[in-house]
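Step one of this worksheet: look at the structure below.
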Amino acid sequence: MNMTTVLIIAAFVMIVALMVTDKINAVAALPLMAVVLCLIVRIPVKTIMNDVVGGGISGLSGAIFSTLIAAVLGEVIRKTGIAEKLIRSAAEMGGDNPYFMAILCFLACGFCFIGLSGVGAKIMLGLIVFPIMLSVGVPKVIAAFVMLAGTSIGYFMNVARWTFIGNLVGLEASDPLVKNTAIMLIIPGIIISILLIVIGIKVKGPVFSWSAENKSASANDSDVPLYAVLAPVIPLVLVMAFKWDVNTALIAGIIYAVLCTQWKVGFKGSLDLINKAAFDGFANVSVTIVIMMGIGMVLAAAKQELLLAPIQELLTKVVPTSPFMIILVFGAIGPFLTMYRGPLNPWGLGAALIGILLGTGLPIGLIVTLAWLYDYYVAVNDPTASQVTWACGYMQLGVGKYTRGTFLVDAFFVLAGVILAVVFFM
């Protein structure tokens, strides 16, 4: 191992340590990582500024634009009362049974996030489902898991998320591999999540924390027709069945939601709604967009030959190649290396590793699967994730207590997903 490789490892470990100790966040760490690694291998400053920083900012432009349009769709669905209509309809079906209520809220959150995206949308759903679940005895840990896992399961069928995962591994959102791996994973994800919900309620028993708000339709959703709740899946249908472009399909979803709910307010009122949805939606995903720009810089740095060669040489020696070791390293150990902005977190330094793994000889189907699995696991279990800290704070639940109640069981989903990827792609 030469000095250059040692310095690359040292820089990576140092930046990971700074993130884990909250000295810097992902917004600063990702560009810092890209620039520092390039300087170590003596890439010219002009190349760093133009190709890595300048070019990297737009490296995930497809995912960035899809995220922005999806944010507008999410705000339209929220402001028109469509999401609330769907959740409350599911709650009415669940009655007073905590098992049925939790499962129906889980499925309803997943359905909503086929079209919704972002932390703001998760908070909106949490404000609706938490009081409903807690009023029928669903324990706080399970109630938090229902919202967090449900929304993250929905991402597997979210066309904007397809664009992000595809960009991480150099594929288009419409690539069959991105879609097929998502479909492959969503089934065990739903099964394992429901098992955790049922076992969690059974073990902890019904716990009545505080009363729910009135379950009857609010003023915001009372005029929402039932067919309007199809708005989240309109983009999915258009992409899968009619092969539409992702961004065009998302715009069609916005138009459908507006036409279904705003016919009383006329053209001017509909335009006002879309303007407000764009303003609020862009604000909700602004941090996500900046992180995507940083990820783009890291991926651009990883493509530089002077940096790529020593990293590939190192990873070729340490990355597992046998099915058993792949399952052990990526399936059993990998989930815990995503926690606390760890090295496999796809919204941090893991984005660089995922990109670099493409040159190690591992099947691309396996790498796409890992991107999906780690994206899910971080969103549900990482104590530093914004939606996790908000959910725990809202319900006066310790973040550590929540994580201890979910991270081991939920890791079985990652393990099952890696096993499936090994079976199908190796």
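Start at 1 with the first residue, then count along the sequence.
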Practice task
Could you tell me which residues satisfy side chain to side chain contact (heavy atoms under 4.5 Å, CB included) with Leu238, sequence neighbours excluded, listed by chain and number?
Solution key: Ile234, Phe242, Trp244, Ala249, Ala252
Practice task
Output every pair passing side chain to side chain donor-acceptor pair (under 3.5 Å) with a member in residues 145-156, not counting sequence neighbours, ordered by first then second residue.
Solution key: none
Handout entry: For Asn158, side-chain hydrogen bond (donor to acceptor under 3.5 Å, both in side chains) partners two or more places apart
Key = none
Handout entry: Set of salt bridge (Lys or Arg N to Asp or Glu O under 4.0 Å) partners for Asp245, sequence neighbours left out
Key = none
Problem - Enclosure of Phe12 CZ (heavy-atom neighbours >12, cutoff 6.0 Å) - result: yes
Handout entry: Pairs satisfying side chain to side chain donor-acceptor pair (under 3.5 Å), at least one member in residues 181-204, at least two apart
Key = Thr181-Trp372
Completion exercise
Output for pair (Lys140 NZ, Met395 CE), nearest 0.5 Å, gives 7.5 Å
Problem - Qualifying residues under side-chain hydrogen bond (donor to acceptor under 3.5 Å, both in side chains), relative to Asn167, sequence neighbours excluded - result: none
Problem - Phe65, CZ: over 12 other non-hydrogen atoms inside 6.0 angstrom - result: no
Exercise for the section: Go through the side-chain N and O atoms of Tyr377 and Asp382 and say whether any donor and acceptor fall under 3.5 Å apart. Expected result: no
Practice task
Please check if atom CZ in Phe407 has more than 12 non-hydrogen atoms from other residues, nucleotides or ligands closer than 6.0 Å.
Solution key: yes
Problem - For Ile186, side chain to side chain contact (heavy atoms under 4.5 Å, CB included) partners two or more places apart - result: Ile153, Phe156, Met157, Ile190
Practice task
Could you list the residues that satisfy side-chain hydrogen bond (donor to acceptor under 3.5 Å, both in side chains) with Tyr402, not counting sequence neighbours?
Solution key: none
Exercise for the section: Name all pairs fulfilling the side chain to side chain donor-acceptor pair (under 3.5 Å) condition that reach into residues 53-69, sequence neighbours left out, sorted by first residue then second. Expected result: Ser66-Thr163, Ser66-Asn247
Exercise for the section: Could you pull out all residues at least two apart from Pro363 that satisfy side chain to side chain contact (heavy atoms under 4.5 Å, CB included)? Expected result: Leu366, Phe425, Met426
Practice task
Output the distance between atom CG (Asn381) and atom CE (Met339), rounded to the nearest 0.5 Å.
Solution key: 6.0 Å
Exercise for the section: List for me each residue that meets side chain to side chain contact (heavy atoms under 4.5 Å, CB included) alongside Met49, sequence neighbours excluded, and say none if there are none. Expected result: Val45, Val53
Handout entry: Validation row, ring centre Tyr374 to ring centre Trp347 under 6.0 Å
Key = no
Fill in the blank from the handout: Residues at least two apart in sequence or cross-chain that pass side-chain hydrogen bond (donor to acceptor under 3.5 Å, both in side chains) with Asp51, listed by chain then number, are none
